[in-house]
K.L.:
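If you scroll down you'll find the structure; I have some questions about it.
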Amino acid sequence: MGTKYIFVTGGVVSGLGKGITAASLGRLLKNRGYKVANQKFDPYINVDPGTMSPYEHGEVFVTDDGAETDLDLGHYERFTDENLTKNSSITTGRIYQEVIEKERRGDYLGKTVQVIPHITNAIKNKVYTLGKKDVDIVITEIGGTVGDIESLPFLEAIRQVGLENNPEDVIYIHVTLLPYISGSNELKSKPTQHSVKELQSIGIKPDILVCRTEIPITASIRNKIALFCNVRPENVIANLTASNLYEVPLMLEKEGLAVEVCKHLELKNIDANNEKWEEMIRHFKEIDNKYKKEGSKKVKIAIVGKYVKLEDSYLSVIESVKHAGYQNGVGVDIKLLDSEKISSENVEDVLKDFNGIIVPGGFGNRGIEGKIQAIKFARENKIPFLGICLGMQMAVIEFARDILNYSDANSVELDENTTHPVIHIMETQKGVTKKGGTMRLGAYPCVLKEGSYAKKIYGEDRISERHRHRYEFNNDYKEEMEKAGLKISGTSPDGNLVEIVELEETKHPFFVAGQFHPEFKSRPDRPGPLFVELVKKAKENAKA
């Protein structure tokens, strides 16, 4: 069987769940025995979202190979349990950058470089490259909505893919909105009709419509949409709001999405093996229903961050805590707290009711002192604490200030003039400090110390976690900190880079911080070990 291509587009408005639809379909096809790879095309001109504020586009998700990507790749990985690569996240900026570099090298032999064919060829190449790597099915999501000027080159490129391949090897799925008008108590199909008309005007006929709706679609509405949008009624798929995000694949299975895709692509394995996923959802629902009952006490987890106005800024962290809650059989109440609003005067009032505290990653000075106060409160009051990336660095700084009495201890990122730079810039092999191009991105190995809490949690001697940072623990302070009680329990294989710090279990129920981002590898059916242990200890704290 040659590689099959599925394209997911969106219409009417953004935020309808194209990413969840693409991720869910990936899971359903994987459950039929196919090797699936998901991919996202984003129309913005940034080369990647690495330099964008989390308020612009939510979190930056990092792959094993160090690509800074759109948060939808997190959904893809969590749903399909496949590790994606830089080829799974493509932007307008990256496409144009590559084409311009080729033009400057003379690769186009003096030709006039144009959107068609040069830009569209570069886009198609990204699709076909992903399809070459032992993949049965490539699922490509086009960001934005049909009608956006930025999306046109991508839509033109996927139109050409349809012409260049057999009809049974390419399918177009259009995700659209069916708004509900409460006054007249009816769903309106006109926005969907207009969106499909727009898509058809650029040469793409959608094969399947996934209609985002708040209420079930009636047979009459389904038939009306099918008639006016030129699809069969069975190819009008309802996508209702799910009580649990991970239930969406099963809802779409029930609607027949995967079966219709298999029929169109002439795939042999039409019957799915969804038993494990169904069992997982049953388990999730049992816990959710248990904690809906009056008097049930959830575990309260605080995420003390600086981008809390947009939950998507910490999407993977939030999902990882939920995964850990289900693993521990407990309901979790997660609250985002603005570190800028936390001070030594109010920290007790703000955090006293929480059973666990997470300080996640971030960049820059804003809200730093609030994070340090939260960590101090967690350490002194023996509240289970997990530090992530910047959260680990802040834990080191707090310890140096309060236990080692280095009042100005800091990171050189935040204070270049500190006399105790316990966190400093990574250095090149020649010993020259450089800021540009030195960020540690992607998966790196970590060796866990014998007898450490970290090794007990992971149950392995050596782990691999994903990184996204530039500054490191300053080894000049290693001996002094360990002597005072902050143990280094994980390092790079050569011992030069500190990866995990912790307080001994006898001193604190759970105080662990990693220089990496464990949230990027957490899965609903295989949660990140650090999150599982945090919620476990928070659960014990809640009962105390």
Side-chain angles (χ1 to χ4, degrees), residues 1-9 18-19 22-23 25-43 47-48 61-70 72-77 79-102 105 107-108 116-143 153-173 204 207 258 261-262 264-269 441-443:
M1 182 184 88
T3 305
K4 307 283 187 176
Y5 299 97
I6 300 172
F7 296 106
V8 180
T9 58
K18 293 192 305 297
L25 183 55
R27 166 49 65 178
L28 295 176
L29 292 171
K30 184 176 180 178
N31 286 355
R32 284 164 165 82
Y34 295 106
K35 173 73 173 174
V36 176
N38 283 79
Q39 181 181 53
K40 173 81 181 283
F41 284 136
D42 269 305
V47 173
D48 60 46
F61 187 83
V62 178
T63 57
D64 270 354
D65 64 353
E68 294 177 286
T69 75
D70 181 79
D72 271 330
L73 266 73
H75 290 312
Y76 301 161
E77 288 206 0
F79 277 71
T80 66
D81 198 16
E82 297 286 343
N83 291 331
L84 302 177
T85 69
K86 62 183 180 182
N87 290 323
S88 292
S89 182
I90 311 296
T91 68
T92 293
R94 185 170 161 193
I95 292 293
Y96 273 83
Q97 184 182 55
E98 290 182 8
V99 169
I100 290 169
E101 285 174 356
K102 283 185 176 182
R105 288 197 305 266
D107 291 5
Y108 297 119
I116 302 172
H118 302 97
I119 296 297
T120 50
N121 283 350
I123 294 168
K124 288 188 294 184
N125 182 56
K126 299 299 181 187
V127 177
Y128 290 138
T129 297
L130 202 61
K132 288 176 184 174
K133 298 185 177 180
D134 190 32
V135 171
D136 297 318
I137 304 165
V138 175
I139 303 175
T140 302
E141 175 194 349
I142 309 298
F154 294 106
L155 295 170
E156 169 59 22
I158 68 172
R159 182 192 70 80
Q160 293 177 21
V161 172
L163 285 178
E164 293 168 1
N165 292 271
N166 296 325
E168 67 272 15
D169 291 336
V170 180
I171 187 169
Y172 299 99
I173 299 173
I204 296 173
D207 301 291
V261 168
C262 288
H264 181 95
L265 296 177
E266 297 184 0
L267 297 171
K268 293 179 181 178
N269 301 341
L441 283 166

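All heavy atoms count here, side chains included; hydrogens, waters and symmetry mates do not.
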K.L.:
Check the pair Ile95, Lys126 against side-chain contact (heavy atoms from CB on, under 4.5 Å), reporting the backbone distance first and the verdict last.
P.N.:
CA-CA 9 Å; Ile95 292 293; Lys126 299 299 181 187; 3.9 Å; yes
K.L.:
Walk me through whether Ile123 and Ile90 qualify under side-chain contact (heavy atoms from CB on, under 4.5 Å).
P.N.:
CA-CA 8 Å; Ile123 294 168; Ile90 311 296; over 6 Å; no
K.L.:
Check for a donor-acceptor pair, side chain of Asn165 on one end and backbone N or O of Val161 on the other, with a separation under 3.5 Å.
P.N.:
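At least one qualifying donor-acceptor pair exists.
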K.L.:
Is there a donor-acceptor pair closer than 3.5 Å between any side-chain N or O of Tyr34 and the backbone N or O of Val135?
P.N.:
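A pair under 3.5 Å: no.
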K.L.:
Between the side chains of Lys86 and Asp65, is the shortest nitrogen-to-carboxylate-oxygen separation below 4.0 Å, so that they form an ion pair?
P.N.:
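Lys86 and Asp65: not salt-bridged.
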K.L.:
Output all residues satisfying side chain to side chain donor-acceptor pair (under 3.5 Å) with Glu141, sequence neighbours left out; order by chain, then residue number.
P.N.:
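Counting only residues at least two positions away or on another chain, Glu141 forms a side chain to side chain donor-acceptor pair (under 3.5 Å) with Tyr76.
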K.L.:
Is there a donor-acceptor contact under 3.5 Å from the side chain of Asp48 to the main chain of Thr69?
P.N.:
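Between the backbone of Thr69 and the side chain of Asp48 there is no qualifying donor-acceptor contact (under 3.5 Å).
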K.L.:
Give a yes-or-no answer on whether the side chains of Thr140 and Gln39 include a donor-acceptor pair shorter than 3.5 Å.
P.N.:
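Distance-only check passes for Thr140 and Gln39.
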K.L.:
So how far is it from Ile142 CD1 to Leu155 CG, rounded to the nearest 0.5 Å?
P.N.:
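Output value for this atom pair is 6.0 Å.
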K.L.:
Taking atom types as modelled and ignoring hydrogens, do the side chains of Tyr5 and Glu164 form a donor-acceptor contact shorter than 3.5 angstrom?
P.N.:
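Checked: Tyr5/Glu164 side chains show no N/O donor-acceptor pair below 3.5 Å.
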K.L.:
Let me see the working for Asp81 and Lys30 under side-chain contact (heavy atoms from CB on, under 4.5 Å), right down to the final yes or no.
P.N.:
CA-CA 10 Å; Asp81 198 16; Lys30 184 176 180 178; 4.0 Å; yes
K.L.:
Applying side-chain contact (heavy atoms from CB on, under 4.5 Å), run through Ile6 and Val138 and close with a yes or a no.
P.N.:
CA-CA 6 Å; Ile6 300 172; Val138 175; over 6 Å; no
K.L.:
Checking ring pair (Phe, Tyr, Trp, His ring centres under 6.0 Å) against Phe7, which of Phe154, Phe41, Tyr172 comes through?
P.N.:
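Checked Phe154, Phe41, Tyr172 against Phe7; only one passes ring pair (Phe, Tyr, Trp, His ring centres under 6.0 Å): Tyr172.
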K.L.:
Would you call Lys4 and Glu266 a salt bridge, using N to O less than 4.0 angstrom?
P.N.:
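Glu266 and Lys4: not salt-bridged.
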K.L.:
With a sphere of 6.0 Å drawn around NZ of Lys124, does it hold more than 12 non-hydrogen atoms of other residues, nucleotides or ligands?
P.N.:
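Yes, the 6.0 Å shell around NZ holds more than 12 heavy atoms from other groups.
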K.L.:
Check Glu98 with Lys102, please: is the shortest side-chain N to carboxylate O separation under 4.0 Å?
P.N.:
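Answer for the salt bridge query: no.
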K.L.:
Arg94 side chain to Ser89 main-chain N or O, any donor-acceptor pair under 3.5 Å?
P.N.:
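A pair under 3.5 Å: yes.
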